[in-house]
*Asks:* 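Here it is: the structure, laid out below.
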Amino acid sequence: MSADRTAGAVGVLRSTAGCEGVEQREEEQEDEGDEDMRDGGMPFFVNRGGLPVNEDTWERMWRHVARIHPEGEAVGQRIRGASDLPKIPIPSVPTYQPATPVPHRLEAIQKYIRDLQYNHTGTQFFEIKKSRPLTALMDIAKEMIRESLPIKCLEAVILGLYLTNSMAGVERFPLSFKTQFSGNYFRHIVLGVHSGGRFGALGISRREDLMFKPLEFRTLADLIQEFEIAYRGYWHTLRKVKIGQYVSHDPHSVEQIEWKHSILDVDKLSKDELRRELERHTRDMRLKIGKAAPPSPTKDRKRDVGSPHRVPASPLRRNSRSERRPSGEKKVLEPKPPGDMNGYQIRV
């Protein structure tokens, strides 16, 4: 993030001061297993109280910035002491003509996500709980647009879902990666897209080649291979890929996103085995298109969008867990190496 953009984002937050304490791990990791709140291997905080943020969260963010920024406390003092912070332009939500081709629409959405910029502050501004119903996550996407703050990769996935809801011919699914570098594990997620017999991806990352992929890959295997090649360029080894099911286009749907229908241990599968598993997953996704989604609620929902209340897990999600296709043997939790906050890491 540029210094001006950082300062601007900070200025916006400061002017809206008021969030409960943040934590480095999600309180409820339901079914997430080895996933934790880490940004390129470094722990980060989550703003759990919505916006505006309160004083405790504000000060915690600045302390974290001082620890991870090369200039230490100097960058915070310079920004916080400035009286003439530049006004940051707010990106415009993309609009298109009815005849605009799908690839051009996706490029416009990606440009909007990129214009929000990646969040380097060490504090994720919007709390995303994966167990929330789709309608609650769409409310958070609206809040992201309203606040126009920098975002991280999971927030970009939710925003991408919201911005593609009206594109009936585009199917969307979560696609996450687990890589290894220098003894540490790193996690990343993008929004996979499928239309016209081609695959692509939307998202955000520090690295240009680990987010947007144009709608030009014939198979899911080709798309994942493209990400694997990009990771190799940063000396990261791809260890695991998790692929979800197609997500409903109904913004009021109470079903939950199925984030991990297939869990593939890349290092335990040959190229042919991996391709077969991905072809099987593609068939599973196509089958879901014909299935009816749970009905949307008929009563008016609350209009507050900051922290929607959790609803009980739906039968659809419970059933889907038994249908997942993990590859290889029974999953064994890998021991986490001790965090080295001062060690050199290539963060992607």
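All heavy atoms count here, side chains included; hydrogens, waters and symmetry mates do not.
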*Asks:* For the residue pair S195 and G169, what are the closest heavy atoms and their distance?
*Replies:* OG-O, 3.2 Å
*Asks:* Does atom CD (E73) have a neighbourhood of more than 12 heavy atoms from anything else shown, all under 6.0 Å?
*Replies:* no
*Asks:* I'd like to know whether the aromatic ring centres of F44 and H64 sit less than 6.0 Å apart in this structure.
*Replies:* no
*Asks:* Could you check whether H188 and Y231, counting side-chain N and O atoms only, form a donor-acceptor pair closer than 3.5 Å?
*Replies:* no
*Asks:* Could you tell me whether a side-chain N or O of N54 sits under 3.5 Å from a main-chain N or O of D56, the two making a donor and an acceptor?
*Replies:* yes
*Asks:* What pairs with R105 under salt bridge (Lys or Arg N to Asp or Glu O under 4.0 Å), at least two apart in sequence or on another chain?
*Replies:* none
*Asks:* Do you know the tightest heavy-atom contact between R275 and T219?
*Replies:* NH1-OG1, 3.7 Å
*Asks:* Judged by atom type as modelled, is there a donor-acceptor pair below 3.5 Å linking the side chain of H281 to the main-chain atoms of Q245?
*Replies:* no
*Asks:* Give a yes or no answer on whether the side chain of W259 reaches the backbone of P174 with a donor-acceptor pair at less than 3.5 Å.
*Replies:* no
*Asks:* Between T237 and D267, is the side-chain contact (heavy atoms from CB on, under 4.5 Å) condition met? List the steps.
*Replies:* CA-CA 9 Å; T237 301; D267 51 350; over 6 Å; no
*Asks:* Taking V193's backbone N and O only, do any of them form a donor-acceptor pair with R172's side chain (distance below 3.5 Å, no angle check)?
*Replies:* no
*Asks:* I'd like to know if the side chain of Q110 reaches the main chain of G203, judged simply by a donor and an acceptor atom lying under 3.5 Å from each other, with no hydrogens or angles considered.
*Replies:* yes
*Asks:* Could you go step by step and tell me if L134 and D250 meet the side-chain contact (heavy atoms from CB on, under 4.5 Å) rule?
*Replies:* CA-CA 8 Å; L134 184 59; D250 179 6; 5.8 Å; no
*Asks:* Do T123 side-chain atoms and F45 backbone N/O form a donor-acceptor pair below 3.5 Å?
*Replies:* no
*Asks:* Measuring from Q124:CD to I151:CD1, what's the distance to the nearest 0.5 Å?
*Replies:* 9.5 Å
*Asks:* Starting at CG of L159, measure out to CG of L202 and round the result to the nearest 0.5 Å.
*Replies:* 9.5 Å
*Asks:* Testing the basics here: between M285 and F199, what is the closest heavy-atom pair and its distance to 0.1 Å?
*Replies:* CE-CE2, 4.4 Å
*Asks:* Does some side-chain heavy atom of S248 sit less than 4.5 Å from a side-chain heavy atom of E255?
*Replies:* yes
*Asks:* Are any non-hydrogen side-chain atoms of I243 and F173 less than 4.5 angstrom apart?
*Replies:* yes
*Asks:* On a heavy-atom basis, which atom in S92 and which in Y112 lie closest, and how many Å separate them?
*Replies:* O-CD1, 3.2 Å
*Asks:* Take E277 and R280, measure what salt bridge (Lys or Arg N to Asp or Glu O under 4.0 Å) needs, and give me the verdict at the end.
*Replies:* CA-CA 5 Å; E277 288 292 330; R280 184 188 305 177; 3.7 Å; yes
*Asks:* Anything under 30° is parallel, anything over 60° is perpendicular, the rest tilted; go ahead and classify H236 against F181.
*Replies:* parallel
*Asks:* Taking L191 as the fixed residue, which of I158, V157, L175 is the one that meets the side chain to side chain contact (heavy atoms under 4.5 Å, CB included) rule?
*Replies:* V157
*Asks:* Roughly how far, to the nearest 0.5 Å, is CD1 of I189 from OG of S205?
*Replies:* 13.0 Å
*Asks:* For R198, is there any backbone N or O sitting under 3.5 Å from a side-chain donor or acceptor partner on E216?
*Replies:* no
*Asks:* Side chains of Y96 and V102: closer than 4.5 Å at any heavy-atom pair?
*Replies:* no
*Asks:* First locate atom CD of E155, then atom CG of L149, and finally report the distance between them rounded to the nearest 0.5 Å.
*Replies:* 9.0 Å
*Asks:* May I ask you to test the F227-L238 pair for a side-chain heavy-atom distance under 4.5 Å?
*Replies:* no
*Asks:* Using a 4.5 Å cut-off on heavy atoms from C-beta on, say whether the side chain of I79 contacts that of W62.
*Replies:* yes
*Asks:* Go through it in stages, so that I can follow the logic: the residues are K271 and E273, the test is side-chain contact (heavy atoms from CB on, under 4.5 Å), and I'd like the CA-CA distance, side-chain angles, deciding distance and then a yes or no.
*Replies:* CA-CA 6 Å; K271 287 187 177 180; E273 289 172 334; over 6 Å; no
*Asks:* If Ile, Leu, Val, Met, Phe, Trp and Tyr residues are connected whenever their side-chain heavy atoms lie under 4.5 Å apart, and connections chain through other members, are V93 and I204 in the same group?
*Replies:* yes
*Asks:* Is it true that the side chains of H104 and E107 contain a donor and an acceptor less than 3.5 Å apart?
*Replies:* no
*Asks:* Is K152 positioned over the aromatic face of F125, cation under 6.0 angstrom from the ring centre and no more than 45 degrees off axis?
*Replies:* no
*Asks:* Only counting residues at least two apart or in another chain, list the ones meeting side-chain hydrogen bond (donor to acceptor under 3.5 Å, both in side chains) with R114.
*Replies:* E208
*Asks:* What heavy-atom pair brings L116 and S148 nearest, and what distance separates the two atoms?
*Replies:* CD2-CA, 3.9 Å
*Asks:* Looking at K242, is its backbone amide N or carbonyl O close enough to the side chain of K260 to form a donor-acceptor pair, meaning the two atoms are under 3.5 Å apart?
*Replies:* no
*Asks:* Quick one: pull up CG in N165 and NE2 in H252 and give me the separation to the nearest 0.5 Å.
*Replies:* 9.5 Å
*Asks:* Test your reading of the model: is there a side-chain donor-acceptor pair from Q97 to the backbone of A99, 3.5 Å cut-off?
*Replies:* no
*Asks:* Is there side-chain contact between K130 and I257, with at least one heavy-atom pair below 4.5 Å?
*Replies:* no
*Asks:* Do the non-hydrogen side-chain atoms of M144 and R146 ever get within less than 4.5 Å of each other?
*Replies:* no
*Asks:* Would you name the heavy atoms of H249 and M167 that are closest together and state the gap between them?
*Replies:* CE1-O, 2.9 Å
*Asks:* Set out, in order, the CA-CA distance, both residues' side-chain angles and the distance that settles salt bridge (Lys or Arg N to Asp or Glu O under 4.0 Å) for R286 and E171, then state yes or no.
*Replies:* CA-CA 10 Å; R286 288 173 184 162; E171 300 299 338; over 6 Å; no
*Asks:* Short question: side chain of T164, backbone of G160 - any donor-acceptor pair under 3.5 Å?
*Replies:* yes
*Asks:* Just by distance, with hydrogens left out, do S270 and D272 show a side-chain donor and acceptor under 3.5 Å apart?
*Replies:* no
*Asks:* Restricting to side-chain contact (heavy atoms from CB on, under 4.5 Å), what partner residues turn up for D209, sequence neighbours left out?
*Replies:* R207, K213, A230, Y234
*Asks:* E127 versus R132: any side-chain heavy-atom pair under 4.5 Å?
*Replies:* yes
*Asks:* Tell me whether I229 shares a hydrophobic cluster with F186, the cluster being built from Ile, Leu, Val, Met, Phe, Trp, Tyr side chains joined at under 4.5 Å.
*Replies:* no
*Asks:* Quick one: do R239 and T179 satisfy side-chain contact (heavy atoms from CB on, under 4.5 Å)? Show the steps, please.
*Replies:* CA-CA 5 Å; R239 296 299 186 193; T179 62; 5.9 Å; no
*Asks:* Distance from D139 atom CG to Y162 atom OH, nearest 0.5 Å?
*Replies:* 9.0 Å
